[in-house]
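In what follows, a single structure is set out as structure tokens and then discussed.
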Amino acid sequence: MKNLYRNLTIAASFAILAAPISAQTIQGTIKPGSQPNSIIVAIKASGDIVDSKVSTFYFSLGVPVTADPRPTVSILNNFNAAIGYPIQVVANPELVNGVQHWIYNFLGDGSQVDGVQRTITTADNNMAEIAFNGGVGSSEIKVISLPDGGSTSNSFFNIFDRGTDKTNQTAMFYGGTPINSANGYSGLSFTQLGNVALPVSFLNFFALKNNDNAKLSWTVENDELNSFFDIERSLDGVDFKPFGKVQALQNGKSTNTYESADERLSSKGANTIYYRIKQVDKSGTVTYSTIRFLDVDKNGEPLSLFPNPARSTTKLVMDVENAGRAVIAIRDLSGKQVQNIAVQLQKGVNQQDLNVSQFASGEYNISV
């Protein structure tokens, strides 16, 4: 972080007079963005700062680790375009008020020459809008300044105007329920915004071949934010084109499973066919599933393993015609049975996690 601390030595024979510094200081806050999954970081001054040029702006956002999988972040709108924000994703969680948080540092380094001239007022002045993707459900988001910058030394709230630090170091944040440390950069300060939506996330996506047809099945979480799915096909694994559409169920459930089909695979003109699901939520945010592929010349089987080969765990996916009890039998190549698992199957696509870490390296056959 640049210009945060500065040491000045004054010799006995010299007098150095600093230029007058405006008494105004700046605080920050977090507020709802233009989308359910976005937030805006804003600032305000204790008194209007006319012809300001923001030359450096560091801020950090925190998300509780209960938002699993970890969300990704992106700049949706930059309201001070002369300053870019390289995003530093802190690898390990940081403790914030007794709760582990994922931390994202936005390192807005610029120069007083490049800064955009504007008046920073005593009302909200929007600086940047951040979008969150992935994760599950909704979450509280914090704008944070960690003690001494945390593990990266960059997790600060810090703003410079024309090269001069204007941060209100003992009252950094306003709005929400702010916690402000009297120790400034050496203390913990933050404020928060609750119930920020983390968009629909894919729990799984499977493609099964049945004779000359493909059966596609996927499960999503946070489905109440969902609008629809486009089903996409590719003959080369690169160029995907939609061939079907599935509307969201809108049944009040957070987790739902969807199915679709692709018939007469041999008529598509390729030996391998690739599939993916494009999900569009109510805000217009797009999320893609992983890519699955099927070999057209291979016999269609109602069983598939994801991944295969596997080192520790694999998921057995079964497409069954009728509900009922079943036994999953795993045998080595000599025919010796190494594991039996009793399961209750529902009609349609079923999943069963298999722990294979205790098996010796080699090939195994699975039957149901």
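Side-chain atoms are counted along with the backbone in the values below, which use heavy atoms only and exclude waters and symmetry mates.
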Would you say [Y] and [X] are linked by a side-chain donor-acceptor pair, where the criterion is simply a distance under 3.5 Å?
X: Asn256; Y: Asp223; answer: yes
X: Asn126; Y: Lys31; answer: yes
X: Asp161; Y: Ser52; answer: yes
X: Tyr185; Y: Thr167; answer: yes
X: Thr257; Y: Thr219; answer: yes
X: Asp281; Y: Ser227; answer: no
X: Asn105; Y: Ser155; answer: yes
X: Gln337; Y: Asn340; answer: yes
X: Asp109; Y: Tyr85; answer: no
X: Asp148; Y: Ser186; answer: yes
X: Ser289; Y: Gln279; answer: no

Is it possible for you to check whether [X] lies under 6.0 Å from the centre of the six-membered ring of [Y], through NZ or CZ, and within 45° of that ring's axis?
X: Arg233; Y: Tyr275; value: no
X: Lys245; Y: Phe228; value: yes
X: Arg276; Y: Phe240; value: yes

Judged by atom type as modelled, is there a donor-acceptor pair below 3.5 Å linking the side chain of [X] to the main-chain atoms of [Y]?
X: Asn168; Y: Met172; answer: no
X: Asn154; Y: Gln88; answer: no
X: Ser38; Y: Ser34; answer: yes
X: Gln27; Y: Ala45; answer: no
X: Asp295; Y: Asp297; answer: no
X: Asp236; Y: Asp239; answer: yes
X: Ser46; Y: Thr25; answer: yes

Between [atom1] on residue [X] and [atom2] on residue [Y], distance to nearest 0.5 Å:
X: Lys142; Y: Phe173; atom1: NZ; atom2: CZ; value: 12.0 Å
X: Ile179; Y: Ser189; atom1: CD1; atom2: OG; value: 9.0 Å
X: Gln344; Y: Arg325; atom1: CD; atom2: CZ; value: 6.5 Å
X: Ile141; Y: Ile39; atom1: CD1; atom2: CD1; value: 7.5 Å
X: Phe190; Y: Thr177; atom1: CZ; atom2: OG1; value: 9.0 Å
X: Thr290; Y: Phe205; atom1: OG1; atom2: CZ; value: 6.5 Å

Are [Y] and [X] co-members of a hydrophobic cluster defined by side-chain heavy atoms under 4.5 Å apart?
X: Leu305; Y: Leu345; value: yes
X: Val73; Y: Tyr288; value: no
X: Val89; Y: Leu95; value: no
X: Leu61; Y: Trp102; value: yes
X: Val63; Y: Ile103; value: no

Task: Trace of the ring pair (Phe, Tyr, Trp, His ring centres under 6.0 Å) decision for Tyr104 with Phe106 - done: CA-CA 7 Å; Tyr104 308 84; Phe106 295 79; 7.3 Å; no

TODO: Going by the salt bridge (Lys or Arg N to Asp or Glu O under 4.0 Å) test, name the single residue among Lys268, Lys215, Lys209 that passes it with Asp262.
DONE: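 The salt bridge (Lys or Arg N to Asp or Glu O under 4.0 Å) with Asp262 is passed solely by Lys268 among Lys268, Lys215, Lys209.
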
Any non-hydrogen side-chain atom of [X] less than 4.5 Å from a side-chain atom of [Y]?
X: Tyr174; Y: Lys44; result: yes
X: Gln352; Y: Lys315; result: no
X: Val356; Y: Thr313; result: no
X: Leu188; Y: Ile144; result: yes
X: Asp230; Y: Ile277; result: no
X: Leu146; Y: Val96; result: yes
X: Val317; Y: Asn350; result: no
X: Ile130; Y: Leu76; result: no

- [ ] Please assess Thr191 against Ile30 for the test side-chain contact (heavy atoms from CB on, under 4.5 Å), listing each intermediate value before the final yes or no.
- [x] CA-CA 7 Å; Thr191 192; Ile30 184 172; 4.1 Å; yes

TODO: Could you check Gln339 against Arg331 for side-chain contact (heavy atoms from CB on, under 4.5 Å), going step by step and ending with a plain yes or no?
DONE: CA-CA 7 Å; Gln339 191 175 58; Arg331 298 178 174 85; over 6 Å; no

Task: Worked check of side-chain contact (heavy atoms from CB on, under 4.5 Å) between Asn213 and Leu265 - done: CA-CA 6 Å; Asn213 303 320; Leu265 301 185; 5.6 Å; no

TODO: Could you list the residues that satisfy ring pair (Phe, Tyr, Trp, His ring centres under 6.0 Å) with Phe359, not counting sequence neighbours?
DONE: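 In terms of ring pair (Phe, Tyr, Trp, His ring centres under 6.0 Å), with neighbours along the sequence ignored, Phe359 is linked to Tyr364.
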
What heavy-atom pair brings [X] and [Y] nearest, and what distance separates the two atoms?
X: Ser260; Y: Ile231; answer: OG-CG1, 4.1 Å
X: Pro64; Y: His101; answer: N-CD2, 3.6 Å
X: Leu193; Y: Pro32; answer: CD2-N, 3.5 Å
X: Val296; Y: Ala270; answer: CG2-O, 3.2 Å

Open item on the list: Tell me if the CD atom of Glu263 is crowded by more than 12 foreign heavy atoms within 6.0 Å.
Closed with: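 No - once you tally the heavy atoms of other residues, nucleotides and ligands closer than 6.0 Å, there are 12 at most.
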
Open item on the list: Tell me if the CZ atom of Phe243 is crowded by more than 12 foreign heavy atoms within 6.0 Å.
Closed with: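 Yes.
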
Open item on the list: One pair to check against side chain to side chain donor-acceptor pair (under 3.5 Å): Asp48 and Thr119. What are the steps and the verdict?
Closed with: CA-CA 7 Å; Asp48 287 354; Thr119 296; over 6 Å; no

Task: side chain to side chain donor-acceptor pair (under 3.5 Å) assessment of Asn204 paired with Gln351 - done: CA-CA 10 Å; Asn204 57 56; Gln351 308 167 34; 3.1 Å; yes

Task: Partner of Val54 under side-chain contact (heavy atoms from CB on, under 4.5 Å), chosen from Ile26, Asn80, Asn125 - done: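 Result: among Ile26, Asn80, Asn125, Asn80 is the only option passing the side-chain contact (heavy atoms from CB on, under 4.5 Å) with Val54.
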
- [ ] Just do the ring pair (Phe, Tyr, Trp, His ring centres under 6.0 Å) check on Phe157 and Tyr58 with the steps written out, would you?
- [x] CA-CA 5 Å; Phe157 178 82; Tyr58 277 28; over 10 Å; no

